[in-house]
Amino acid sequence: LHLAIQFRAPLEVVALVAEAWPEACAVAAERREGRPLPLAMAAELEAPLEVQMLLLAFHPAAAQPGRARELCRALTADGDTALHVAARHAAVPTANVKELLGLSPAAARTTNAAGQLPLHVALESSTPAVVELLREASGLAEALVRHDWDAIRRFGLATPRACAANAHEG
């Protein structure tokens with residue numbers, strides 16, 4: 001993992017290594033004091049934000065004080081939050097996603113450039129436990145109970161009026 005970061009491997013390569021060996025995100029480059037964890041190394045080498053977010057998702061405790069919250073509130077060029085990145089990788093433990101949510105609860109309600117919430121991304125790529133966690137954090141259940149159609153539209157779900165209109169068109 002350190003070599004992938006050092007040689008600026010693409011996100012896909014870093015993700016493959018992190019998913020195959022999640023513990024690597026917590027392993028220092030050498031066993032001596034003062035050697036960086038992968039996340040610190042990525043920050044020092046100014047790795048792309050997506051790579052840093054992925055490493056944070058796999059090992060939130062590796063972040064420097066304040067850096068985890070900063071990464072959780074940041075947006076990639078595609079508008080992804082760290083929750084979007086974590087939700088895209090099923091190997092990220094649910095407990096880590098929960099920790100990211102604690103650092104930035106508003107990220108669960110943030111849409112990316114494609115109009116997706118982390119919940120949408122999780123539905124395509126993540127585990128049922130992560131989907132449930134993001135569903136609760138996103139406020140979808142509350143919007144359905146309140147019949148808050150504006151909020152429901154933001155989730156990409158059809159309202160009763162839209163369903164009726166589509167039925168008449170067919």
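Numbers here are sequence positions counted from 1. All heavy atoms count here, side chains included; hydrogens, waters and symmetry mates do not.
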Treating Ile, Leu, Val, Met, Phe, Trp and Tyr as nodes and any side-chain heavy-atom pair under 4.5 angstrom as an edge, say whether [X] and [Y] lie in one connected cluster.
X	Y	value
L123	V130	yes
L16	L56	no
L55	M53	yes

Minimum heavy-atom distance between [X] and [Y], given as atom pair plus value:
X	Y	result
P36	M41	CB-N, 3.9 Å
A90	T127	O-CG2, 3.7 Å
L71	L49	CD2-CD1, 3.5 Å
A82	L100	O-CD1, 4.1 Å
A9	V14	O-CG2, 4.0 Å
A87	L134	CB-CD1, 4.1 Å

Exam field: side chain H84 to backbone Q116, donor-acceptor pair closer than 3.5 Å: yes

Between the main-chain N or O of A40 and the side-chain N or O of R67, is there a donor-acceptor pair closer than 3.5 Å? no

Student check: side-chain heavy atoms of I5 and H2 closer than 4.5 Å: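 The answer is no; the side chains never approach within 4.5 Å.
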
Take D78 and N112 through the side-chain hydrogen bond (donor to acceptor under 3.5 Å, both in side chains) test and state the conclusion after the steps. CA-CA 6 Å; D78 293 331; N112 62 15; over 6 Å; no

Test K98 against L133 for side-chain contact (heavy atoms from CB on, under 4.5 Å), laying out the working first. CA-CA 7 Å; K98 190 172 187 173; L133 181 65; 3.8 Å; yes

Without hydrogens or angle criteria, can the side chains of H89 and E19 be said to hold a donor-acceptor pair below 3.5 Å?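 H89 vs E19: donor-acceptor pair found between side chains.
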
Dump the intermediate steps for side-chain contact (heavy atoms from CB on, under 4.5 Å) on L75 and T110, then the final yes or no. CA-CA 10 Å; L75 297 175; T110 302; 4.2 Å; yes

Among L54, V92, V51, L11, which residue satisfies the side chain to side chain contact (heavy atoms under 4.5 Å, CB included) criterion with V85? L54

Looking at [atom1] of [X] and [atom2] of [Y], how far apart are the two atoms once the value is rounded to the nearest 0.5 Å?
X	Y	atom1	atom2	result
N96	E99	CG	CD	6.5 Å
S138	L119	OG	CG	5.0 Å
R109	T81	CZ	OG1	11.5 Å
E70	Q64	CD	CD	11.0 Å
T111	D80	OG1	CG	10.5 Å
L101	C72	CG	SG	8.5 Å

What verdict does the side-chain contact (heavy atoms from CB on, under 4.5 Å) test give for S126 and V121, after you've listed the backbone C-alpha separation in whole Å, the side-chain angles of each residue and the deciding distance to 0.1 Å? CA-CA 8 Å; S126 207; V121 175; over 6 Å; no

Could you go step by step and tell me if L39 and H59 meet the side-chain contact (heavy atoms from CB on, under 4.5 Å) rule? CA-CA 8 Å; L39 179 57; H59 190 54; over 6 Å; no

Would you find more than 12 non-hydrogen atoms of other residues, nucleotides or ligands less than 6.0 Å from E46 atom CD?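 No.
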
